[in-house]
Asks: 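Got a structure here, written out as structure tokens. Questions coming.
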Amino acid sequence: KLQGPAASAASVLAEREVTLHHATETAEITYVPTETGRFAFSAEVVPLREEVVAENNRSETEFTVLDNFLRLLYVEYEPTWEWRFLKEVFHRDRLVGTRGFRTFLRSADPKVRQSSELFVPTLTPPRSEFFAQDVILVGDVPASALSPRFCQMTEEFVDKLGGGLVVVSGPRFGPGQLALTPLADMLPVKADPNLRIRDRQPFALRRTAEAAQYDFMQLEPGPENDKAWENLGQLPWYQPVERLHSMATALAEHPTDKCIDGKTPQPILAVRNYGRGEVVYLAMNEMWRLRRLWGERYYRQFWGQLIHRLASRHALGSQKRFVVRTDRRQYRPDEQVLLTVEAYDADFKPLSEDKVPGRKLSAEILLPGGS
């Protein structure tokens with residue numbers, strides 16, 4: 001069944017009889033949305049005569065249909081394998097496409113940056129353009145490439161507007177360079193500018209128990225996920241850090257190397273909340289090795305789910321200028337609902353009363369049933 005934003009009652013999408021040959025049976029139902037908004041899918045199974053408990057015969061999930069595309073900015077010093085393959089993946093991604101993927105290459109000819117739609121000419125465009133981004137990736141760049149203004153706007157983008165930031169370490173500069181910038185306080189790790197790349201012994205990353213809670217770490221359902229990650233193979237190097245941030249969660253770690261305390265494993269992939277947004281850290285730019293046996297299959301699964309997760313935490317693009325929130329997602333009859341509206345001007349600065357005609361904003365509330 002489908003429950004839409006203005007539907008007075010749920011509509012039945014399909015009914016199907018399923019014969020149980022195994023403990024788990026899959027029944028696929030195709031549905032193409034015709035309107036935007038937030039919807040709920042529910043699936044119900046008619047109880048069998050011998051069933052004692054029937055409460056678990058119904059499941060529901062929510063999803064959002066957007067008439068928009070994700071805007072992704074990838075900051076790199078020079079083309080890397082990760083940069084090349086990510087560009088191809090997101091150019092073919094329906095939610096990003098060629099309109100949504102933009103990059104800043106420090107080593108690129110300034111004339112190329114000015115003439116090609118793929119490149120952005122500067123990392124510090126007007127605020128109206130910068131804050132329309134949905135996810136920012138910072139690759140293997142020197143501290144000199146990241147101006148104080150870029151760092152300040154990135155921090156505001158994540159902290160205040162709920163944007164996503166991914167830091168991908170490379171062998172040339174590494175996270176130690178970020179320790180010399182204001183971005184250091186946002187990282188899921190404590191970077192040390194004195195630490196250098198470790199490439200003495202190839203290794204297979206080890207996923208932590210917490211990784212099971214993150215969808216982008218699930219390349220395949222169930223036990224097949226282990227085999228999917230084995231496709232990454234042996235990693236030839238990684239960038240070490242001083243320690244994991246106290247508010248971060250390690251999702252993958254080195255099997256033997258420890259942090260400065262001699263006990264905590266070196267994090268290879270870590271994540272933390274920062275204000276309203278989320279920051280993800282990778283200790284190497286070698287995820288393209290997921291393509292080793294199965295092409296883009298697992299590589300696209302990892303990066304696609306990661307970027308979509310970070311983007312779904314906030315309104316997309318310029319829609320971030322006006323954001324309506326409720327204090328809870330579910331209510332009981334006769335409970336009070338608190339609506340909050342965040343409003344920004346064209347430069348994504350808080351909108352004050354003196355800038356609004358009539359000193360007020362108007363809104364429309366659609367109640368259940370379409371009224």
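The shown structure was predicted, so the numbers you read here are calculated from the model rather than taken from an experiment.
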Asks: With a 6.0 Å cut-off (strictly less than), is the heavy-atom count around CD of Glu15, excluding the residue itself, greater than 12?
Replies: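 Atom CD in Glu15 is not crowded, with 12 or fewer foreign heavy atoms closer than 6.0 Å.
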Asks: Using a distance-only test with no angle check, is there a side-chain donor-acceptor pair under 3.5 angstrom linking Glu155 and Tyr274?
Replies: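 Side-chain D/A pair, Glu155 to Tyr274: present.
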Asks: For the CZ atom on Arg328, are there more than 12 heavy atoms of other groups (residues, nucleotides or ligands in this structure) within a distance under 6.0 Å?
Replies: yes
Asks: If the threshold is 4.0 Å, N to carboxylate O, is there a salt bridge linking Arg207 and Asp226?
Replies: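 Salt bridge: yes.
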Asks: Please assess Arg292 against Leu290 for the test side chain to side chain contact (heavy atoms under 4.5 Å, CB included), listing each intermediate value before the final yes or no.
Replies: CA-CA 5 Å; Arg292 186 167 60 103; Leu290 278 173; over 6 Å; no
Asks: Has Asp354 got more than 12 heavy atoms of other residues, nucleotides or ligands less than 6.0 Å from its CG?
Replies: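 Above 12, so yes.
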Asks: When you look at Leu183 and Thr154, which way does the side chain to side chain contact (heavy atoms under 4.5 Å, CB included) test go after all the steps?
Replies: CA-CA 8 Å; Leu183 296 181; Thr154 300; 4.0 Å; yes
Asks: Any Lys/Arg nitrogen of Lys190 or Glu242 sitting under 4.0 Å from an Asp/Glu carboxylate oxygen of the other?
Replies: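 Salt bridge: no.
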Asks: Let me check something: do Trp294 and Met217 share a hydrophobic cluster, defined by ILVMFWY side-chain heavy atoms less than 4.5 Å apart, either directly or through other members?
Replies: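 Per the 4.5 Å side-chain linkage, Trp294 and Met217 are co-clustered.
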Asks: Can you list the residues that meet the ring-ring contact (aromatic ring centres under 6.0 Å, His included) rule with Phe90, with sequence neighbours excluded?
Replies: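 Here no residue qualifies.
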Asks: I'd like to know whether the aromatic ring centres of Phe157 and Phe348 sit less than 6.0 Å apart in this structure.
Replies: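 Not close enough - the centres of the two rings lie 6.0 Å or further apart.
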Asks: If you look at every heavy atom in Leu338 and Tyr331, which pair is closest and at what distance?
Replies: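 Minimum heavy-atom separation between Leu338 and Tyr331: N-OH, 4.4 Å.
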Asks: On the ring face of Trp83, is Lys87 found with NZ or CZ under 6.0 Å from the centre and within 45° of the axis?
Replies: yes
Asks: Between Tyr238 and Phe203 (judged by ring centroids, cut-off 6.0 Å), do the two rings come close enough to count as a pair?
Replies: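 Yes, close enough.
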Asks: With no hydrogens and no angle check, just 3.5 Å: does a side-chain donor-acceptor pair link Glu286 and Trp81?
Replies: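 The answer is no; no qualifying pair exists.
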Asks: Kindly confirm or rule out a cation-pi arrangement of Arg309 over Tyr214, judged by NZ or CZ under 6.0 Å from the six-membered ring centre and within 45° of its axis?
Replies: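 No, Arg309 does not lie over the aromatic ring of Tyr214.
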Asks: Are Arg276 and Glu342 within salt-bridge range, i.e. N to O under 4.0 Å?
Replies: yes
Asks: Do Glu78 and Arg172 meet the salt-bridge criterion of a basic N to acidic O distance under 4.0 Å?
Replies: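 So Arg172 pairs with Glu78 through a salt bridge.
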Asks: May I ask you to decide whether Glu82 forms a salt bridge with Arg289, counting only side-chain N to carboxylate O separations under 4.0 Å?
Replies: no
Asks: Are Phe173 and Tyr77 an aromatic pair by the rule of ring centers under 6.0 Å?
Replies: yes
Asks: Is the NZ or CZ atom of Arg71 positioned over Phe69's six-membered ring, under 6.0 angstrom from the centre and within 45° of the axis?
Replies: yes
Asks: Would you say Asp347's side chain and Lys349's backbone share a donor-acceptor pair under 3.5 angstrom?
Replies: no
Asks: Could you tell me whether the side chains of Glu51 and Asn57 share a donor-acceptor contact shorter than 3.5 Å?
Replies: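 Note: Glu51 and Asn57 side chains meet the donor-acceptor criterion.
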Asks: Between Arg243 and Asp261, is the closest basic N to carboxylate O distance under 4.0 Å?
Replies: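 Result for this pair is no, no salt bridge flagged.
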Asks: If hydrophobic clusters are built by linking Ile, Leu, Val, Met, Phe, Trp and Tyr wherever their side-chain heavy atoms come under 4.5 Å apart, do Leu195 and Ile197 end up in the same one?
Replies: no
